[in-house]
Amino acid sequence: MSSLPSSSAPRIFASPLARRMARENNLDLAMIAGSGPEGRVIKRDVERVLANPAANLNVAPMEAQVTKKTTELPDPKLFFTEDEFALEPISPMLQSIAKRLTAAKSEIPHYYVSIDCHVDEAEKIRARINTALKDKDIAEKLTLNDFIIKAAAEALIQVPEVNVAFAGDHVMRFHNADISVAVALPGGGLITPIVKKAHEKSVREIAAEVKELAARASEMRLKPDEYEGGTFSVSNLGMFGISDFTAVINPPQSAILAIGGAEEKYLPGASGPEIKKVMRVTLSSDHRVINGAEAAKFVATFKSIIEQPFSLLFE
């Protein structure tokens, strides 16, 4: 009885043309690093080896080759001619962000919960305060995001189960609500300056601090302790017309709140349909330390606070 082929031998993915070229030139496909989709060996890989066998034959252990083929994505430059694109160097900051977010997304078990918040009252109060400041020639202007940061901080204090971080065999439970605020940088990139102890600050204090931090961030003048750490993040794309989105958790934190834009919608009212400004928020949580019930409690608490914003003015 003939024996079946060993199932331990790894399958080599290659295009038919690459297989024929390798066979005709007595090349072992297992020793050629593939650059095609999912590590597939294609024509140009064989041609590269034929042009310079010593430099391009892959003599790494087969286990390493298999791991490489299953973890590396194809190089997009291989699918286009040089006149079809331009290459632009990625700054060290963007490289660092890319590595950090890739690690966060692959290593942190994300899950998401969303809720719709009515922000009519917050917008009315904000408009009244801004009008009063203008009448007094005070060069300040509050944004809805300032109320959101304050509401998130208050919600963290009321639902401390979300104000945590995963620390191996421990859970870090924070005493303060230090809110990282995502800020886009000129020329690309992102940084998250921190409003420390935001739960102890007024909305006006938060507004002034965010404005000052964002200004220094745009000039790359923030100190490391002003953007590294934090216990929770807020990312707002509402000003760009985005209705909702999910955000990637910012390590070492365990949660981030993604804010969509406020949209006018017809909703049932006491005496018929009413127009309400509705803002959808989505919480991304680390399932290792925050369970679904805790995440749901947090967004419900945030909703209650932002929909009754008058209380935020007395903190």
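Numbers here are sequence positions counted from 1.
- Between Asn176 and Lys196 there is no side-chain heavy-atom pair separated by less than 4.5 Å.
- In summary, the side chains of Thr143 and Asn145 do not present any donor paired with an acceptor at a separation below 3.5 Å, with no hydrogens or angles considered.
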Take Arg204 and Asp146, measure what side-chain contact (heavy atoms from CB on, under 4.5 Å) needs, and give me the verdict at the end. CA-CA 8 Å; Arg204 285 182 64 185; Asp146 302 322; over 6 Å; no
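- Judged purely by atom type and a 3.5 angstrom limit, Arg126 uses its side chain to pair as donor or acceptor with the backbone of Leu142.
- Taking OH of Tyr227 as the start and CZ of Arg216 as the end, the distance is 11.5 Å to the nearest 0.5 Å.
- Using a cutoff of 4.0 Å between basic side-chain nitrogens and carboxylate oxygens, Lys297 and Glu294 are not scored as salt-bridged.
- A distance of 6.5 Å separates OG in Ser114 from CG in Asp244, rounded to the nearest 0.5 Å.
- Here the side chain of Asp45 pairs a donor or acceptor atom with the backbone of Ile42 at under 3.5 angstrom.
- A distance of 5.0 Å separates OG1 in Thr246 from OH in Tyr112, rounded to the nearest 0.5 Å.
- Inter-residue side-chain proximity for Lys277 and Glu263 is flagged as unmet; no heavy-atom pair is nearer than 4.5 Å.
- The CG atom of Asp120 sits 5.0 Å away from the NZ atom of Lys276 when rounded to the nearest 0.5 Å.
- In this structure, Ser285 contributes its side chain and Tyr111 its backbone to no donor-acceptor pair below 3.5 Å.
- Judged purely by atom type and a 3.5 angstrom limit, Glu274 has no side-chain atom pairing as donor or acceptor with the backbone of Leu267.
- Salt bridge annotation for Glu47-Arg44: absent, with no cationic side-chain nitrogen under 4.0 angstrom from a carboxylate oxygen.
- Environment of CE in Met172: sparse, with no more than 12 heavy atoms of neighbouring residues, nucleotides or ligands closer than 6.0 Å.
- Between the side chains of Gln308 and Ser311, no donor-acceptor pair of N or O atoms lies under 3.5 Å.
- Of the possible donor and acceptor atoms, none in the side chain of Glu307 sits under 3.5 Å from a partner among the backbone N and O of Ser304.
- Crowding of Glu88 atom CD: a count of heavy atoms from other residues, nucleotides or ligands under 6.0 Å not exceeding 12.
- Electrostatic pairing of Arg280 and Asp116 counts as a salt bridge here, judged by a charged N lying under 4.0 Å from a carboxylate O.
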Show your working on side-chain contact (heavy atoms from CB on, under 4.5 Å) between Ser35 and Asp75 and close with a plain yes or no. CA-CA 7 Å; Ser35 61; Asp75 184 346; 5.9 Å; no
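- The existence of a salt bridge linking Lys223 and Asp225 is excluded, since no basic side-chain nitrogen approaches an acidic carboxylate oxygen closer than 4.0 Å.
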Yes or no on side-chain contact (heavy atoms from CB on, under 4.5 Å) for Val195 and Val181, after CA distance, side-chain angles and deciding distance? CA-CA 8 Å; Val195 180; Val181 183; 4.2 Å; yes
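- Placement of Val113 and Phe245 in two distinct hydrophobic clusters is found when ILVMFWY residues are connected by side-chain heavy-atom separations under 4.5 Å, directly or transitively.
- Taken from CZ in Phe174 to CG in Leu156, the straight-line distance is 10.5 Å, to the nearest 0.5 Å.
- Side-chain contact check for Val164 versus Arg173: some heavy-atom pair is nearer than 4.5 Å.
- Between Lys201 and Glu209 a salt bridge is recorded (basic side-chain N to carboxylate O distance below 4.0 Å).
- In the hydrophobic cluster analysis, where Ile, Leu, Val, Met, Phe, Trp and Tyr join through side-chain heavy atoms closer than 4.5 angstrom, Val299 is grouped apart from Ile157.
- Within the 4.5 Å cutoff, no side-chain heavy atoms of Ile259 are placed close to those of Leu237.
- Looking at every heavy atom in both residues, Ile305 comes nearest to Ala151 through CG2-CB, 3.7 Å.
- Side-chain atoms of Val41 and Phe13, non-hydrogen and from C-beta on, never get closer than 4.5 Å to each other.
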Intermediate values then yes/no, salt bridge (Lys or Arg N to Asp or Glu O under 4.0 Å), Glu121 and Lys124: CA-CA 5 Å; Glu121 291 303 315; Lys124 290 177 183 177; 3.7 Å; yes
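- Closest heavy-atom contact between Gly230 and Ile194: N-CD1, 3.5 Å.
- In this structure, Leu190 and Val183 have side chains that are not in contact, with every pair of non-hydrogen atoms separated by 4.5 Å or more.
- Taking both residues in full, the closest heavy atoms of Ala217 and Leu222 are given as CB-CD1, 3.6 Å, listed atom of the first, atom of the second, then distance.
- Between Ser254 and Ile249 the shortest heavy-atom distance is O-CD1, 3.7 Å.
- A 6.0 Å sphere centred on CD1 of Ile90 holds no more than 12 heavy atoms belonging to other residues, nucleotides or ligands.
- Looking at Ile32 and Leu27, their side chains come closer than 4.5 Å, going by heavy atoms from C-beta outward.
- Of the possible donor and acceptor atoms, one in the side chain of Glu205 sits under 3.5 Å from a partner among the backbone N and O of Ser202.
- The distance from the CD1 atom of Ile256 to the OG1 atom of Thr282 is 11.0 Å, given to the nearest 0.5 Å.
- Judged by distance alone, with hydrogens and angles left aside, the side-chain atoms of Lys150 form a donor-acceptor pair with the main-chain N or O of His199 at under 3.5 Å.
- Between Phe232 and Phe298, the gap from one ring centroid to the other is short of 6.0 Å.
- A donor-acceptor contact closer than 3.5 angstrom is absent between the side chains of Gln158 and Thr301.
- When every heavy atom of Ile191 is checked against every heavy atom of Pro193, the shortest pair comes out as O-CD, 3.3 Å.
- No donor-acceptor distance shorter than 3.5 angstrom exists from the side chain of His110 to the backbone of Lys105, with no hydrogens or angles considered.
- Judged by distance alone, with hydrogens and angles left aside, the side-chain atoms of Glu140 form no donor-acceptor pair with the main-chain N or O of Ala208 at under 3.5 Å.
- Residues satisfying the salt bridge (charged side-chain N to carboxylate O under 4.0 Å, His left out) test with Glu264, not counting sequence neighbours, are none.
- Using modelled atom types and a 3.5 Å distance limit, the side chains of Thr231 and Asn163 yield a donor-acceptor pair.
- Note on Met279: it does not cluster hydrophobically with Met239, by side-chain heavy-atom contacts below 4.5 Å among ILVMFWY residues.
- Ion pairing between a basic and an acidic side chain is recognised when a charged N comes within 4.0 Å of a carboxylate O; Lys77 and Glu82 show no such pairing.
- The two atoms that bring Cys117 and Val281 nearest to each other are SG-CG2, 4.2 Å, heavy atoms only.
- Criterion: ILVMFWY side-chain heavy atoms under 4.5 Å apart, direct or through other members. Under it, Leu313 and Ile179 are part of a common hydrophobic cluster.
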As a quick check of understanding, evaluate side-chain contact (heavy atoms from CB on, under 4.5 Å) for Arg19 and Leu29, giving each step before the final call. CA-CA 7 Å; Arg19 287 184 180 278; Leu29 281 172; 3.7 Å; yes
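- The number of heavy atoms from other shown groups lying within 6.0 Å of NZ (Lys43) does not exceed 12.
- Side-chain contact between Ser180 and Val234 is absent, with no heavy-atom pair separated by less than 4.5 Å.
- Note: the hydrophobic cluster containing Val278 does not contain Ile125 (ILVMFWY, side chain heavy atoms under 4.5 Å, direct or indirect links).
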